[in-house]
Undergrad: 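One structure, as structure tokens, below. Some questions next.
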Amino acid sequence: MRGPAGFLLCLLLLVAPCCTEVSAQDSQPDPKTPCANWMGGAPGYPGHNGLPGRDGKDGKDGLKGEKGEEGVQGPKGDQGEMGVPGQEGPRGFPGYPGQKGEKGEGAFVYRSAFSVGLTERAPHPNVPIRFNKIFYNEQSHYDASTGKFLCNIPGTYYFAYHLTVYLMDVKVSLYKKDKVVIFTYDQFQNNNVDQASGSVLLHLNSGDEVWLQVYGEGDNNGIYADNINDSTFMGFLLYPDMDVH
């Protein structure tokens, strides 16, 4: 080619290597990339996520941590069911004596008793024997002037007598409210001193009287007493009637 066109073509061919060298110096492609930048295409799309890897081995336990602060106490729970009783424990030592309590009000004690003896010989028959030797008559329920015991506390009483017999036979009877309750008979033996005795339980009401007397005529009043021989009569309350007192 000749003329201006040919000249222009030769000029382009001379300039092109210089531009290429300058361009190569200004931007060198990354040797790790498959293509230089001037030959790279459009960026590709992100790839799909890979499969999860396998679980690794458990690590060793670490050091024990410090004790944490005590938490706030929670609300009280419901009461549980009663458990089975446990075994009986060993017996404990005796405790110390407690303090002495205050004195209480004493219960009323019913008392009625007497014990008397004879001072005269051969008491009269068919009348109460007057035992006027007083051994005990604190409540004065026995009347020495009449020889009779007068019931002041209704209840059950015990009566007994022990008589010395001398010179003649003895036959005595214990009376309650003009009625004979028991008889005692002892036959005298010559040149001897004998004894006659008897006892009985009686229930008495207030106002009832009890006494001893020789039964029959004068040939049965051998009751005797002196400074070394006694004839005695006694009685006392066993227990009162609780429905009355």
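Numbers here simply count residues along the sequence, with the first being 1. Basis for what follows: all heavy atoms, side chains included, without hydrogens, waters or symmetry-related copies.
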Undergrad: Determine whether the side chains of Y161 and T184 contain a donor N or O and an acceptor N or O closer than 3.5 Å.
TA: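 The answer is yes; a qualifying pair exists.
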Undergrad: Output yes when a side-chain donor or acceptor of K176 lies under 3.5 Å from a complementary backbone atom of H203, and no otherwise.
TA: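 Such a contact is found between K176 side chain and H203 backbone.
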Undergrad: Any donor and acceptor pair, going by atom type alone, linking the side chain of N126 with main-chain N or O of H124 inside 3.5 Å?
TA: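 Checked: no pair found.
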Undergrad: Regarding D230 and H162, is there a side-chain donor-to-acceptor distance under 3.5 Å anywhere?
TA: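 No, H162 and D230 have no side-chain donor paired with an acceptor closer than 3.5 Å.
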Undergrad: I'd like to know if the side chain of D194 reaches the main chain of F188, judged simply by a donor and an acceptor atom lying under 3.5 Å from each other, with no hydrogens or angles considered.
TA: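 Flag not set: sc D194 to bb F188 has no pair under 3.5 Å.
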Undergrad: Determine whether the aromatic ring centres of F114 and Y136 lie less than 6.0 Å apart.
TA: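 When the ring centroids of F114 and Y136 are compared, they turn out to be at least 6.0 Å apart.
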Undergrad: Classify the ring geometry between F233 and F131 as parallel (under 30°), tilted (30 to 60°) or perpendicular (over 60°).
TA: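 The rings of F233 and F131 sit tilted, inter-plane angle from 30° to 60°.
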Undergrad: Rounded to the nearest 0.5 Å, what separates atom CG in L167 from atom CG in N192?
TA: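 Rounded to the nearest 0.5 Å, the CG-CG separation comes to 11.5 Å.
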Undergrad: Using side-chain hydrogen bond (donor to acceptor under 3.5 Å, both in side chains), reason through D169 and Y185 one step at a time and then give a plain yes or no.
TA: CA-CA 8 Å; D169 298 344; Y185 175 73; 3.2 Å; yes
Undergrad: Run the side-chain hydrogen bond (donor to acceptor under 3.5 Å, both in side chains) check on H141 and S112 step by step: do they pass?
TA: CA-CA 7 Å; H141 293 168; S112 180; 2.6 Å; yes
Undergrad: Give the ring-plane orientation class for Y175 versus W211, where under 30° counts as parallel, over 60° as perpendicular and anything between as tilted.
TA: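 Parallel.
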Undergrad: Honestly curious: do V165 and L212 fall in one hydrophobic cluster under the side-chain, below-4.5 Å linking rule?
TA: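 Same cluster.
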